[in-house]
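Working notes, structure below.
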Amino acid sequence: MLLFETVLSDETKTEKAIRIYKSYYSYMIYIAGRYLRDPADREDAAQDCMLKLISVIDSIDTSDEARLKGLCGVVTRNIALNI
């Protein structure tokens, strides 16, 4: 959580990132697990996904839960495949 507060200067952006983290981090781990055997690689993929989402946090709409979950899944999958 400290990472979010240091990366994001705006409070609303920080709250949005923390909400995404709490809601979808375990889902990102699950998606990465489909492609990666090593638990450390799964964690790396999920963390990389969060960093990518933070970089475009302004354009993410958190009101549509299904679309946000899909975005998290697609980004995590692509990162896992690149690992």
Side-chain angles (χ1 to χ4, degrees):
M1 295 299 181
L2 184 60
L3 169 71
F4 297 129
E5 293 177 23
T6 57
V7 171
L8 302 172
S9 58
D10 187 14
E11 226 175 278
T12 57
K13 292 178 186 178
T14 304
E15 290 172 10
K16 189 186 272 191
I18 290 172
R19 180 171 176 244
I20 292 170
Y21 178 85
K22 287 182 178 179
S23 298
Y24 300 107
Y25 193 75
S26 61
Y27 178 68
M28 292 178 210
I29 297 289
Y30 169 76
I31 294 297
R34 290 180 174 180
Y35 304 97
L36 303 169
R37 298 270 184 227
D38 186 21
D41 287 340
R42 295 174 191 175
E43 286 282 332
D44 288 344
Q47 290 173 7
D48 286 349
C49 177
M50 280 305 304
L51 289 174
K52 287 195 184 295
L53 293 176
I54 287 171
S55 69
V56 294
I57 198 82
D58 289 331
S59 62
I60 296 175
D61 179 23
T62 57
S63 63
D64 188 356
E65 296 290 327
R67 192 169 184 197
L68 181 57
K69 185 176 182 178
L71 174 66
C72 292
V74 168
V75 172
T76 304
R77 181 197 66 205
N78 291 342
I79 290 170
L81 288 172
N82 286 336
I83 291 176

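Count residues from 1 along the sequence.
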Contacts of type side chain to side chain contact (heavy atoms under 4.5 Å, CB included), residue R67, not counting sequence neighbours:
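Per chain and number, R67 pairs via side chain to side chain contact (heavy atoms under 4.5 Å, CB included) with D64.
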
Just to verify, what does S23 make a side chain to side chain contact (heavy atoms under 4.5 Å, CB included) with, not counting sequence neighbours?
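If we apply the side chain to side chain contact (heavy atoms under 4.5 Å, CB included) test to S23, skipping adjacent residues, the hits are R19.
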
Test of understanding: with side-chain hydrogen bond (donor to acceptor under 3.5 Å, both in side chains), list the residues that count as partners of S63, not counting sequence neighbours.
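D61.
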
Applying side chain to side chain contact (heavy atoms under 4.5 Å, CB included) between M50 and each of I20, V75, T76, report the one that passes.
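The passing option is I20.
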
How close do L53 and C72 get, heavy atom to heavy atom, and via which atoms?
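Scanning both residues completely, I find the closest heavy atoms to be CD1-SG, 3.8 Å.
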
If I compare all heavy atoms of A45 with all of L36, which pair ends up nearest, and what's the gap?
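A45 and L36 have their closest heavy atoms at CB-CD1, 4.1 Å.
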
Do the side chain of K16 and the main chain of I57 share a donor and acceptor less than 3.5 angstrom apart?
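Judged by distance alone, yes, a pair lies under 3.5 Å.
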
Under the ring pair (Phe, Tyr, Trp, His ring centres under 6.0 Å) definition, can you give me all pairs with a residue in residues 27-63, not counting sequence neighbours?
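Residue pairs passing ring pair (Phe, Tyr, Trp, His ring centres under 6.0 Å), neighbours aside: none found.
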
Does anything in residues 37-47 pair up under salt bridge (Lys or Arg N to Asp or Glu O under 4.0 Å), and if so which pairs, sequence neighbours excluded?
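Salt bridge (Lys or Arg N to Asp or Glu O under 4.0 Å) check on residues 37-47 returns no pairs.
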
Sorted by first residue and then second, give each side-chain hydrogen bond (donor to acceptor under 3.5 Å, both in side chains) pair with at least one member in residues 46-57; sequence neighbours left out.
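Found none.
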
Check whether any side-chain heavy atom of I79 sits under 4.5 Å from a side-chain heavy atom of M28, and report yes or no.
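Contact flag for I79/M28 side chains = no.
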
